[in-house]
Amino acid sequence: MADDAVMIAPAPAPAAPRFVFTLRGGVSMDPEYFGSEDYEVGPDVGFRFNYLSLRNGREFGNPDPWAENLGFGVGGSFRFVGERDSGDFDELAGLDDIDPAVELGVSLNYGTENFNTFAAVRRGFGGHEGWVGEIGADAVMRPTDRLRLSLGPRVFFGDEEYSNTYFGITADEASAALPTYELDGGLVSAGVEFGARYQINDVWGLEGAVTWEKFQNDAADSPIVEQGDDEQWGVRFGVTRVFSIGG
């Protein structure tokens, strides 16, 4: 009698990688420069990492882009700082121009359903090449399933390189109105942010925020700030779009 054939099932193919992220595009209103009492309208862009799965089965983040990121997480951190053309402002006459700067770094986050906290460190490229850091926390409220509100404090730090770029005055720049001023690194500002996010559907949403901050310590005493305003407001509003690649 012939032996029964033994069939060996093929191993399942590894899952394809999947990457989920959210982009934001809109408008913002911010001070014309750090310490200015006048405001300007400009573009607003944002990126938020949501989820990444690899072929080996490892996963990072949450595949639901609208869910809270619970527990500890590590992500990227980005900020764009516009140029300062001193010729555009009579009160800054004699100061050097500052090119636009891009800040890139990492953030450490911890979240629950009703509370989020983060700390970020970034290095500047372009207009400044210093190091900056941010610490913040938010209470999270959900009046409806689609509406998310957040409110919490923010503190911002800058090293000596950063602080002197935007708030310092060298001997070559100094004038009667803007005397020489040199800063140490440390706490630059403290404030609060109120944010709102509305989910239109699984892909599209609306997002906005209002921020208030007050310059502290050496930054608050800068002649640049003393000629302007040590309290700064910011407003942004944009449309968000979720993208899913692979999977």
Side-chain angles (χ1 to χ4, degrees), residues 24 28-37 39 44-49 68-69 71-82 84 98 101-112 114-125 127-141 148-168 181-197 207-226 228-236:
R24 184 186 71 246
S28 65
M29 184 179 71
D30 296 290
E32 294 184 320
Y33 58 87
F34 296 134
S36 174
E37 59 184 6
Y39 290 75
D44 170 67
V45 295
F47 170 87
R48 182 167 60 248
F49 165 80
E68 297 295 336
N69 290 321
F72 286 101
V74 178
S77 183
F78 166 86
R79 187 176 74 144
F80 175 79
V81 183
R84 189 184 76 186
I98 304 175
V102 173
E103 297 173 358
L104 301 175
V106 296
S107 65
L108 177 64
N109 313 277
Y110 179 77
T112 69
N114 301 304
F115 180 78
N116 285 305
T117 184
F118 74 90
V121 177
R122 297 186 299 269
R123 203 267 197 188
F125 299 89
H128 83 86
E129 298 185 353
W131 289 88
V132 300
E134 282 186 281
I135 299 174
D138 285 316
V140 178
M141 300 149 281
R148 178 188 188 274
L149 304 177
S150 61
L151 177 66
R154 301 285 189 272
V155 289
F156 184 88
F157 301 87
D159 68 2
E160 185 174 322
E161 165 72 20
Y162 173 88
S163 299
N164 280 289
T165 297
Y166 294 103
F167 302 97
Y181 189 73
E182 186 173 351
L183 298 83
D184 296 322
L187 178 64
V188 174
S189 66
V192 64
E193 177 175 303
F194 171 73
R197 187 180 73 193
E207 187 174 297
V210 178
T211 61
W212 171 86
E213 64 178 342
K214 185 177 177 67
F215 292 121
Q216 307 290 320
N217 302 332
D218 288 352
D221 294 333
S222 168
I224 296 173
V225 173
E226 289 180 344
D229 194 344
D230 65 351
E231 296 186 16
Q232 307 274 271
W233 290 88
V235 180
R236 63 172 174 82

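Residue numbers count from 1 along this sequence. Because only heavy atoms are used, hydrogens play no part in the values below, and waters and symmetry mates are left out as well, while side chains stay in.
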Practice problem: State, yes or no, whether a side-chain contact exists between Ile135 and Phe157 at a heavy-atom distance under 4.5 Å. | Solution: yes
Quiz item: How long is the gap from CG on Asp44 to CE on Met29, to the nearest 0.5 Å?
Solution: 12.5 Å
Quiz prompt | Interatomic distance, Glu32 atom CD to Arg84 atom CZ [nearest 0.5 angstrom] | solution = 12.5 Å
Quiz item: Counting N and O atoms only, with roles assigned by atom type, does the side chain of Asn164 sit under 3.5 Å from a partner on the main chain of Leu183, one being a donor and the other an acceptor?
Solution: yes
Quiz item: Is there a side-chain contact between Val188 and Phe167 (heavy atoms, below 4.5 Å)?
Solution: yes
Quiz item: Heavy atoms, side chains only, cut-off 4.5 Å: are Tyr181 and Glu226 in contact?
Solution: no
Quiz prompt | Gap between atom CZ of Phe118 and atom CG of Leu108 - 0.5 Å precision | solution = 11.0 Å
Quiz item: Under the 3.5 angstrom rule, does the side chain of Gln216 hit a backbone N or O of Lys214 as a donor-acceptor pair?
Solution: yes
Exercise. Could you tell me whether the side chain of Ile224 reaches within less than 4.5 Å of the side chain of Phe34, counting heavy atoms only?
Key: no
Quiz item: Under 3.5 Å, is there a donor-acceptor pair between the side chain of Asp218 and the main chain of Asp184?
Solution: yes
Quiz item: Is there side-chain contact between Phe78 and Val102, with at least one heavy-atom pair below 4.5 Å?
Solution: yes
Exercise. Verify, without hydrogens or angle tests, whether Glu182 (side chain) and Gly168 (backbone) share a donor-acceptor contact under 3.5 angstrom.
Key: no
Exercise. Find the distance between CD (Glu103) and CZ (Phe125) and round it off to the nearest 0.5 Å.
Key: 10.0 Å
Self-check item: Tyr166 ring center near Phe215 ring center (under 6.0 Å)
Solution: no
Self-check item: Nearest heavy-atom neighbours spanning Gln232 and Ser36
Solution: NE2-O, 3.0 Å
Quiz item: Can you find a pair of side-chain heavy atoms, one from His128 and one from Ile98, that are under 4.5 Å apart?
Solution: no
Exercise. Please collect all side-chain hydrogen bond (donor to acceptor under 3.5 Å, both in side chains) contacts where either partner lies in residues 131-141, sequence neighbours excluded, each pair once.
Key: Arg122-Glu134, Asp138-Arg154
Practice problem: Drop me the distance from Leu187's CG to Ser163's OG, to the nearest 0.5 angstrom. | Solution: 9.5 Å
Self-check item: Asn116 side chain near Asn109 side chain, heavy-atom distance below 4.5 Å
Solution: no
Quiz prompt | Residues forming a salt bridge (charged side-chain N to carboxylate O under 4.0 Å, His left out) with Glu37, sequence neighbours excluded | solution = none
Exercise. Rounded to the nearest 0.5 Å, what's the gap from CZ on Arg123 to CD on Glu161? Could you check?
Key: 8.5 Å
